[in-house]
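Every value quoted in this text rests on a predicted model; they were computed, and no experiment measured them. This chain uses plain numbering: 1 for the first residue, then up along the sequence.
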Amino acid sequence: MRMCKNLLAIAAFTCVLSAFALGQAVVNESLETATVWVDGANGSDSNSGTLSAPLKTISAAINTAIANNQGSIGTNVFVQPGTYRESLSLYPTSTDTSLPMTIQAVTPGTVTISGAVPYSGWVAYSGNPAIFTNTWSNNWGPCRTSGTAGAPPFPDITLRRETMFINGSQMTQVLSLANVVAGTFFVDESANLIYAYPPSGVSITTADVEVGTLSNLALIVRGQVVLRGLNFQYANSCKDGSAVSITGTLASNVWLDQLNVNWNNSIGVQVSNPATNFSITNTASNHNGQSGFGAYKVKNGLW
């Protein structure tokens, strides 16, 4: 009788392990036989992508990895430390194979994919010398949203996507010049101007000022992809948008590992429609405007 109980326990434990194995990404990174190097400071996208002749952008390395995939070659992309102001797009092609690709920081945590651009050329506002102005051409207007039937409309501030950071600290957006106080900014789209009142003790003319311009920093619509050791910040996504997205029926076996997804306007990481067999491990998503993580119509995920 004891033997039977033991056998039943082993069988049940095996079933649990099998179910657990199904509920996660399965990526065999040992199949990645090609290596591509990226160095934003010293590379060039006309280079070959070797350690001594690295590419400049991660996007160029992804294009190489996709071309390798079409030739049945798995690729490991190593990214040197630095800030990369670009959006990573990993779309499927009609000639994809099942070989994996990994995009990872050489040193985890030292590679930042940023949705912001530096903003200089500030001048004092004639109406208040503590406020500074600059030209503004990103007239996005309020984000569109279908809302929910019967629900009240969203406040205007919820539908804005403008973001601004001074020396790494987020500024608060207001909706009129009259409401601009220390630590806030206002965008006047009709006049193509932005007004900013820097925090006390900060000189905006010498500070590191960044304005968000990219709504998505990583869009993964294909399978057998690993992102590891990367930071994603300052995406200016609209409400319900996300900085890092895994989406679509082909987005199967995607693994996000050791990521920091912080200070984005809406959702940090979103998995949806109907991504399957994904893993999100050792990943933090903090200080995002709507939520850190989101999932919608997904199956077999490991968090």
Problem set entry | Gln70-Thr93 side chain donor-acceptor pair, cut-off 3.5 Å | yes
Problem set entry | Ser245-Thr247 side chain donor-acceptor pair, cut-off 3.5 Å | no
For this session: Using the test ring pair (Phe, Tyr, Trp, His ring centres under 6.0 Å), find all partners of Trp255 that sit at least two apart in sequence or belong to another chain.
Result: none
For this session: Name all residues meeting the salt bridge (charged side-chain N to carboxylate O under 4.0 Å, His left out) criterion together with Asp257; count only those two or more places apart in sequence or in a different chain, and write none if there are none.
Result: Arg228
Problem set entry | Within residues 67-133 or reaching into it, pairs that qualify as disulfide bond (SG atoms under 2.5 Å apart) - sequence neighbours excluded | none
Exercise. Distance-only, no hydrogens or angles: does the Thr110 side chain make a donor-acceptor pair with backbone N or O of Val106 under 3.5 Å?
Worked result: no
For this session: Check whether any side-chain heavy atom of Lys239 lies under 4.5 Å from a side-chain heavy atom of Gln290, and answer yes or no.
Result: yes
For this session: For the residue pair Asn288 and Ser285, confirm or rule out a side-chain donor-acceptor distance under 3.5 Å.
Result: yes
Problem set entry | Asn260 side chain to Ala284 backbone, donor-acceptor under 3.5 Å | no
Exercise. Are Ser169 and Asn167 close enough that a side-chain donor and a side-chain acceptor fall under 3.5 Å?
Worked result: no
Exercise. For residues 53-78, which residue pairs qualify under salt bridge (Lys or Arg N to Asp or Glu O under 4.0 Å), counting only residues two or more places apart or in two chains?
Worked result: none
Exercise. Are side-chain N/O atoms of Thr83 and Ser114 paired as donor and acceptor at under 3.5 Å?
Worked result: no
For this session: Look at the rings of Phe293 and Trp303 and say which category their plane angle falls in: under 30° parallel, 30 to 60° tilted, over 60° perpendicular.
Result: perpendicular
Exercise. Have Asn192 and Asn139 got a donor and an acceptor in their side chains that come within less than 3.5 Å?
Worked result: yes
Exercise. Any idea which heavy atoms bring Gly229 and Ala105 closest together, and the distance?
Worked result: O-CB, 3.3 Å
Exercise. Is the backbone N or O of Leu55 less than 3.5 Å from a side-chain atom of Asp45, with the two atoms forming a donor-acceptor pair by type?
Worked result: no
Exercise. Heavy-atom distance under 4.5 Å between the side chains of Ile113 and Arg85, does that happen here?
Worked result: no
Exercise. Does one side chain, of Gln270 or Ser242, offer a donor that lies under 3.5 Å from an acceptor on the other?
Worked result: no
Would you tabulate the side-chain donor-acceptor contacts of residues 120-133 under 3.5 Å, counting partners in other chains and residues two or more places apart, or write 'none'?
residue, atom, partner, partner atom, Å
Trp122, NE1, Tyr119, O, 3.1
Asn128, OD1, Ala130, N, 2.9

Exercise. What salt bridge (Lys or Arg N to Asp or Glu O under 4.0 Å) pairs are there with at least one residue in residues 99-118, not counting sequence neighbours?
Worked result: none
Exercise. Any side-chain donor-acceptor pair under 3.5 Å between Asn76 and Thr35?
Worked result: no
For this session: Mark yes or no for whether Ser266, through its side chain, and Asp240, through its backbone, hold a donor-acceptor pair below 3.5 Å.
Result: yes
Problem set entry | Donor-acceptor side-chain pairing of Thr75 and Glu32 below 3.5 angstrom | no
Exercise. Side chains of Thr205 and Ser203: do they bring a donor and an acceptor to under 3.5 Å?
Worked result: yes
Exercise. For the atom pair NZ (Lys299) and OG1 (Thr276), what is the distance rounded to the nearest 0.5 Å?
Worked result: 6.5 Å
Problem set entry | Ser237 to Arg161 - nearest heavy-atom pair and separation | O-CB, 4.3 Å
For this session: Specify the closest pair of heavy atoms between Asn47 and Pro54, including all atoms of both residues, with the distance to one decimal.
Result: ND2-O, 2.8 Å
Problem set entry | Output field: ring centroids Tyr234/Trp263 closer than 6.0 Å | no
Exercise. Any side-chain heavy atom of Ile280 within less than 4.5 Å of one from Leu302?
Worked result: no
